[in-house]
Amino acid sequence: MSFQPVTASFFQQPTLELARSLLGMLLVKETEAGTASGWIVETEAYIGPGDRAAHSFGNRRTARTEVMFGPPGHAYTYVMHTHCLLNVVSGPVDHPEVVLIRAVEPYTGTDLMYERRGRDRKERDLTSGPGKLTKALGITMGDYGRPLFESPLCIAEGKAFGPVETGTRIGIENSGEAREYPWRFWIGGNRFVSK
DNA sequence: CACCGGATGGTCT
DNA sequence: GACCATCCGGTGT
């Protein structure tokens, strides 16, 4: 199985457009154990410094958020409770914006995904959430800052899916008015979209 | 150095 | 729907 990674220029588009453009693209991770991939079916945009829900709100610049201030197309990974979450850095240099990958539909390497997530798990449970998909694909904090247009972690050319739907973001109840921004995007009807 | 609070997920009721 | 495992970044002392 071979994949065609996107070029670095793919990430040079406004963050809300990138969040939509990423839907239907393939997310691929190669590890020593093997390669696994899935179609991106749900994303969320975080547009600092004005977005109260973003880690980069108010241009907060720390070791953790540093990669967001660099060029787009790199991985911003961070630990949430017991899970690692994956974001795609967006926006030009010094514009700390990202797109969170919230769900993918398994494509290749599903056996590896079951091995990582648990053999007796339902297929829908493999990758239907931001913490689930990183575990299924083997994405870790070791991927922090990695470019997403080349191996071992990359965004590759995808395929056409149905219409995109829009809504408010998940899990940001304490973010003031930012909780109402319609910055969540997903493939309508896809069963791997998180609930 | 102590404290607090999550961009979650799994389990049990 | 409620509870909590488990951990680290950010902040204040």
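Proteins come first, then strands; the chains are lettered A, B, ... in the order of their sequence lines, and each starts at number 1.
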- prompt: Does a side-chain N or O from A:His81 land closer than 4.0 Å to OP1 or OP2 of C:dC8, or not?
  reply: no
Sidechain N-carboxylate O distance under 4.0 Å for A:Glu42, A:Arg184: yes
query: Can you check the A:Lys135 NZ to C:dA5 C1' distance for me, whole Å?
result: 13 Å
message: Can you measure A:Tyr181 atom OH to B:dA7 atom P for me and round it to whole angstrom units?
response: 15 Å
- prompt: Please give, in whole Å, the distance from B:dG10 C1' to A:Asp125 CG?
  reply: 9 Å
query: Do A:Arg61 and A:Asp94 pass the salt bridge (charged side-chain N to carboxylate O under 4.0 Å, His left out) test, and can you show the C-alpha distance, the side-chain angles, and the key distance before you say yes or no?
result: CA-CA 10 Å; A:Arg61 188 166 188 160; A:Asp94 288 332; 3.6 Å; yes
- prompt: Which nucleotide in the set C:dT11, C:dA5, C:dG9 lies at the smallest distance from any side-chain heavy atom of A:Arg60?
  reply: C:dT11
field: Given C:dC8, B:dG10, C:dG9, the nucleotide with the shortest approach to the side chain of A:Thr62
entry: C:dG9
- line: If pairing means Watson-Crick or G-U wobble with both distances under 3.5 Å, then the partner of B:dG9 is C:dC4
- prompt: Counting side-chain heavy atoms from CB outward, which of B:dG9, C:dA5, B:dA7 is closest to A:Asn87?
  reply: B:dA7
- request: Would you kindly give the CD1-to-P distance between A:Ile47 and B:dA7, to the nearest whole Å?
  value: 17 Å
- request: Could you tell me the separation between the NE2 atom of A:His83 and the C1' atom of B:dG6, rounded to a whole number of Å?
  value: 12 Å
field: Distance in angstrom units between A:Ile139 CD1 and B:dT8 P, rounded
entry: 16 Å
- prompt: Between B:dA7, B:dG10, C:dC8, which nucleotide gets closest to the side-chain atoms of A:Tyr46?
  reply: B:dA7
- prompt: B:dA7 base stacked by A:His55? Criteria: ring centres under 5.5 Å, plane angle under 30°.
  reply: yes
- prompt: Does B:dG10 have OP1 or OP2 sitting under 4.0 Å from an N or O in the side chain of A:Arg121?
  reply: yes
statement: Taken to the nearest whole Å, CD/A:Glu180 to C1'/B:dA7 is 17 Å
- prompt: So what does A:Arg52 hit on the nucleic acid, given a heavy-atom distance under 4.0 Å: a base, only sugar-phosphate, or nothing?
  reply: nothing
- prompt: Out of curiosity, A:Leu27 CG to A:Leu86 CG, how far, rounded to the nearest 0.5 Å?
  reply: 6.0 Å
message: Taking any heavy-atom pair under 4.0 Å as a contact, classify A:Arg184: base, sugar-phosphate, or nothing.
response: nothing
message: Within the supplied structure, the quantity of interest is the number of heavy atoms (other residues, nucleotides, ligands) at a distance under 6.0 Å from A:Lys122 NZ; does it exceed 12?
response: no
task: Just call it for A:Arg169: base, sugar-phosphate, or nothing, with non-hydrogen atoms closer than 4.0 Å on any strand.
output: nothing
- line: The residue, A:Arg117 or A:Ile172, whose nearest nucleotide of DNA chain B is more 5′ is A:Ile172
- prompt: Picking from B:dG9, B:dA7, B:dG10, which would you name as closest to the side chain of A:Pro130?
  reply: B:dG9
message: Counting only side-chain heavy atoms from C-beta out, which of B:dG9, C:dC8, C:dG10 sits nearest to A:Arg64?
response: C:dG10
task: Run the numbers on A:Glu177 and A:Arg52 for salt bridge (charged side-chain N to carboxylate O under 4.0 Å, His left out), then give the verdict.
output: CA-CA 8 Å; A:Glu177 66 175 20; A:Arg52 208 169 187 85; over 6 Å; no
- request: Counting heavy atoms from C-beta on, name the nucleotide in B:dG10, B:dT8, C:dG10 closest to the side chain of A:Ile170.
  value: B:dT8
- line: Taken to the nearest whole Å, OH/A:Tyr144 to C1'/C:dG9 is 12 Å
message: Classify A:Leu100 by what it touches in the nucleic acid, base, sugar-phosphate, or nothing, heavy-atom distance under 4.0 Å.
response: base
- prompt: Thinking salt bridges, do A:Asp125 and A:Lys132 make one under a 4.0 Å N-O criterion?
  reply: yes
